[in-house]
Amino acid sequence: MQTLGRIIGIGTIAAATVALAACGSSDDTSSSAPTTTKASAASSAASAPAAAPPSKGRECTADDIGVSGDVGKAPTITIPDDCDPPKDLIVKDLVQGSGPGAAAGQQLTMNYALITWSDKKKLDSSFDRGKPFQLTLGAGQVIAGWDEGLVGVQQGARRLLIVPPNLGYGAGGNGIKPNETLIFVTDAVAVGK
């Protein structure tokens with residue numbers, strides 16, 4: 001079973017987490033500059049790590065994650081060793097799109113690559129399969145990190161999502177290590193179509 005199938009399977013459970021999550025805020029530096037959003041993640045006893053690794057002294061930001069490659073092609077994603085995974089959802093447009101931003105209830109067609117934080121390995125990629133993934137935003141078909149993190153994405157945009165465990169797979173893991181932080185690079189192939 002492909003990892004994205006697991007994302008859909010967990011969607012219903014993740015939807016409950018979304019209902020508990022606080023609203024995000026946006027740091028808008030200019031209309032043409034990449035945007036970054038940090039949304040508070042709801043606390044959950046089920047997704048609390050059993051034993052946290054020693055802290056490196058600071059949480060990583062979107063700017064710490066290296067992403068190279070053109071929109072429409074599989075990205076190369078680099079996770080640094082000198083910072084901790086963020087505890088909140090991090091969203092950053094790496095390449096701006098055009099048109100209206102996606103809203104709940106809209107159809108999205110997305111390409112994505114998924115890297116796991118703990119081992120820095122690619123776990124899944126629609127780019128590699130050559131087939132984008134379709135979803136209805138906000139319908140609980142995907143993990144909460146996607147339902148929250150893809151709000152406002154524009155067609156043609158490349159967006160970085162750093163998803164904490166409680167907005168991903170939590171302690172259960174669903175084939176992913178328990179309490180894993182997930183890094184997605186997504187390309188919005190189509191919004192509202």
Side-chain angles (χ1 to χ4, degrees), residues 3 7 10 14 17-69 71 74-96 110 112-125 142-153 157-188:
T3 298
I7 292 172
I10 289 297
T17 303
V18 172
L20 297 175
C23 295
S25 63
S26 178
D27 298 329
D28 189 20
T29 54
S30 77
S31 61
S32 63
T35 58
T36 302
T37 304
K38 187 173 183 177
S40 294
S43 296
S44 171
S47 64
S55 175
K56 296 179 178 127
R58 72 176 184 92
E59 284 188 20
C60 284
T61 67
D63 293 334
D64 291 314
I65 307 301
V67 179
S68 60
V71 172
T76 300
I77 304 167
T78 307
I79 303 170
D81 291 322
D82 64 348
C83 52
D84 300 323
K87 293 181 180 100
D88 296 321
L89 175 66
I90 303 289
V91 178
K92 180 177 182 180
D93 282 341
L94 304 172
V95 174
Q96 294 292 316
M110 304 296 296
Y112 67 92
L114 166 60
I115 305 293
T116 50
W117 189 280
S118 65
D119 58 12
K120 301 173 175 46
K121 291 185 180 175
K122 181 172 26 173
L123 190 63
D124 193 17
S125 172
V142 292
I143 60 172
W146 268 46
D147 269 343
E148 289 183 30
L150 293 178
V151 170
V153 72
R158 173 162 278 189
R159 182 170 279 191
L160 171 69
L161 302 175
I162 306 173
V163 180
N166 65 324
L167 295 178
Y169 297 104
N174 196 35
I176 294 175
K177 290 179 186 175
N179 299 306
E180 182 70 72
T181 297
L182 309 172
I183 300 177
F184 290 93
V185 173
T186 64
D187 285 0

For residues I90 and L160, determine if any side-chain heavy atom of one lies less than 4.5 Å from a side-chain heavy atom of the other. no
Distance col, row T78:OG1 vs I65:CD1, nearest 0.5 angstrom, shows 8.5 Å
Any donor-acceptor N/O pair, D93 side chain to V95 backbone, under 3.5 Å: no
With rounding to the nearest 0.5 Å, note down the distance linking CG in L123 to CD1 in I176. 5.0 Å
If I compare all heavy atoms of P80 with all of C60, which pair ends up nearest, and what's the gap? CG-SG, 3.7 Å
Pairwise side-chain contact, I77 with K122, heavy-atom cut-off 4.5 Å (strictly under): no
From L114 CG over to I143 CD1, what is the distance, rounded to the nearest 0.5 angstrom? 8.0 Å
Could you tell me which non-hydrogen atom of P165 sits nearest to which non-hydrogen atom of N179, and how far apart they are? CG-O, 3.2 Å
Shortest non-hydrogen contact from R58 to D82? NH2-OD1, 3.8 Å
Just how far is it from atom NZ of K87 to atom CG of N166, taken to the nearest 0.5 Å? 12.0 Å
Donor-acceptor pairs under 3.5 angstrom involving side-chain atoms of residues 180-188: please list them, not counting sequence neighbours.
unit_1: E180; atom_1: OE1; unit_2: S118; atom_2: OG; d: 2.6
unit_1: E180; atom_1: OE2; unit_2: W117; atom_2: N; d: 3.0
unit_1: E180; atom_1: OE2; unit_2: S118; atom_2: N; d: 2.8
unit_1: E180; atom_1: OE2; unit_2: S118; atom_2: OG; d: 3.4
unit_1: T186; atom_1: OG1; unit_2: R159; atom_2: O; d: 3.1
unit_1: D187; atom_1: OD1; unit_2: R158; atom_2: NE; d: 2.6
unit_1: D187; atom_1: OD1; unit_2: R158; atom_2: NH2; d: 3.4
unit_1: D187; atom_1: OD2; unit_2: G72; atom_2: N; d: 2.6
unit_1: D187; atom_1: OD2; unit_2: R158; atom_2: NH2; d: 3.0

Taking all non-hydrogen atoms of both residues, which atom of I162 and which atom of P86 are closest, and how far apart? CG2-CG, 3.5 Å
Using the side-chain contact (heavy atoms from CB on, under 4.5 Å) criterion, which residues pair with T61? Sequence neighbours excluded. D63, D64
Over all atoms of both residues, closest heavy-atom pair of V67 and P75: CG1-CB, 4.0 Å
Taking side-chain contact (heavy atoms from CB on, under 4.5 Å) as the definition, give me every residue that meets it alongside D84, ordered by chain and number, with sequence neighbours left out. S55, K56
Verify whether one side chain among D124 and Y112 offers a donor that lies under 3.5 Å from an acceptor in the other. yes
